[in-house]
Amino acid sequence: MCGRYVATRGLDDLAAEFEAGFEAGGTAGSAWRPDHNIAPTDAVPVVLTRHRSGDRDGPAVRQVRVARWGLVPSWAPDTRRAGKLINARAETVAELPAFRSAVRRRRCLVPADGWYEWAPRPDGPGRQPTYLTPLSGEVLAFAGLYELWGPDRLLTSSIITTAAAGQLVAVHHRMPLVLPRESWAAWLDPGRADATDLLVPDLGLVDRLELRPVGPAVGNVANDGPGLVERVRTPAEAAPTLF
DNA sequence: CCAGACGTTGTT
DNA sequence: GTCTGG
DNA sequence: CCAGACGTTGTT
DNA sequence: GTCTGG
């Protein structure tokens with residue numbers, strides 16, 4: 001699944017990477033810093049197609065904005081449960097009340113360097129924190145949804161998940177849905193009401209991910225920094241060979 | 001017609 | 001917002 | 001997702 | 001065990 005991830009590219013780099021603009025300053029383009037330990041309710045960069053804030057009748061343009069991770073439906077009475085809707089299952093997203101309008105009209109991309117899973121250890125207790133990231137170092141784009149809530153138009157987002165595929169089955173039975181570059185434009189096209197056909201995992205992309213064991217520090221959301229994604233030896237690797 | 005509900009995912 | 005229940 | 005908290009009563 | 005906070 002996807003409950004913790006990494007994004008270190010600056011908003012300007014993301015704008016270039018995704019051929020988007022971004023609104024420096026103001027509510028839509030609030031400051032954002034690289035984060036090696038993004039947790040639910042944190043600020044996250046997203047890419048969406050929308051008229052610029054304050055230009056409601058202007059053309060829809062592709063933009064990088066900073067959202068809060070954890071979708072708040074427009075009809076929610078408050079934002080207290082904001083940390084709950086961090087993921088939406090691809091299998092049900094079109095039907096569920098919390099997501100169905102967003103998947104029709106408010107799709108976004110969620111840029112990431114990679115994400116974490118806590119993988120079962122076949123030969124030991126506990127779980128192994130694992131960082132998943134493209135071998136190429138290319139940016140990932142998770143399929144996402146967004147909502148605008150309340151008079152201040154609070155921007156919140158969610159990441160779509162699907163059944164784990166390929167080598168990722170060893171780590172977890174769910175995974176974020178990573179969209180290949182050729183699908184970005186279609187996913188962001190607000191004129192397209194049904195984009196569910198794009199919610200198919202790209203197996204080549206999945207197999208070009210590195211599964212890197214990392215230390216336990218990532219578990220605590222107070223920790224951050226590049227040290228979190230440094231490779232460690234797993235207990236199995238560190239143990240003397242038995243028999 | 002109005003009132004009221006409706007949040008999801010993943011885990012063991 | 002949209003659907004369900006009454 | 002993980003880490004860490006989670007005290008009750010009576011009162012306004 | 002379950003909920004909250006990050």
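Note on naming: letters A, B, ... go to the chains in the order of the sequence lines (proteins, then strands), and numbering restarts at 1 for each one.
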Lys/Arg-Asp/Glu bridge criterion (N-O < 4.0 Å) met for [X], [Y]:
X        : Y        : answer
A/Asp35  : A/Arg4   : no
A/Arg181 : A/Glu17  : yes
A/Glu95  : A/Arg100 : no
A/Arg9   : A/Glu138 : no
A/Glu210 : A/Arg231 : yes

From [atom1] of [X] over to [atom2] of [N], roughly how many Å is that when rounded to an integer?
X        : N      : atom1 : atom2 : value
A/Trp69  : B/dT9  : CH2   : C1'   : 11 Å
A/Asn223 : D/dA3  : CG    : P     : 10 Å
A/Gln128 : D/dC2  : CD    : C1'   : 15 Å
A/Asn37  : D/dA3  : CG    : C1'   : 12 Å
A/Tyr116 : B/dG10 : OH    : C1'   : 20 Å
A/Trp115 : B/dT9  : CH2   : C1'   : 17 Å
A/Ile160 : B/dG10 : CD1   : C1'   : 17 Å
A/Ile86  : B/dT9  : CD1   : P     : 11 Å

Taking atom P in both E/dC3 and D/dT8, what distance in whole Å separates the two?
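E/dC3 and D/dT8 have their P atoms separated by 16 Å.
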
Just call it for [X]: base, sugar-phosphate, or nothing, with non-hydrogen atoms closer than 4.0 Å on any strand.
X        : answer
A/Val218 : nothing
A/Thr41  : base
A/Arg106 : nothing
A/Phe99  : sugar-phosphate
A/Ala39  : base
A/Ala76  : base
A/Leu71  : nothing

Taking it one step at a time, do A/Asp194 and A/Arg104 satisfy side chain to side chain contact (heavy atoms under 4.5 Å, CB included)?
CA-CA 6 Å; A/Asp194 185 356; A/Arg104 273 187 279 120; over 6 Å; no

Of the listed nucleotides ([options]), which one gets closest to any side-chain atom of [X]?
X        : options              : value
A/Arg174 : D/dC2, B/dT8, B/dG10 : B/dG10
A/Thr92  : D/dC2, B/dT9, B/dG10 : B/dT9
A/Asn220 : D/dC1, B/dT8, D/dG4  : D/dG4
A/Asn87  : D/dC2, B/dT9, B/dT8  : B/dT9

Here DNA chain D, pairs taken as Watson-Crick or G-U under 3.5 Å and shown with ( ), [ ] when crossing and | when to another strand, reads ||||||......

Would you say A/Trp149 and A/Ile86 are hydrophobically clustered, going by side-chain heavy atoms of ILVMFWY under 4.5 Å?
no

is_close_aromatic(A/Trp187, A/Phe142), centroid dist under 6.0 Å:
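No; A/Phe142 has its ring centre 6.0 Å or more from that of A/Trp187.
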
Within the structure, does a side-chain N or O atom of A/Arg89 lie under 4.0 Å from either OP1 or OP2 of B/dG10?
yes

Looking at A/Trp115, A/Trp118, A/Tyr116, which hits ring pair (Phe, Tyr, Trp, His ring centres under 6.0 Å) with A/Tyr131?
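Result for ring pair (Phe, Tyr, Trp, His ring centres under 6.0 Å) with A/Tyr131: A/Tyr116.
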
At the 4.0 Å heavy-atom cut-off to chain A, mark where contacts on DNA chain C begin and end, going 5' to 3'.
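In short, chain A contacts DNA chain C from C/dG1 to C/dC3.
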
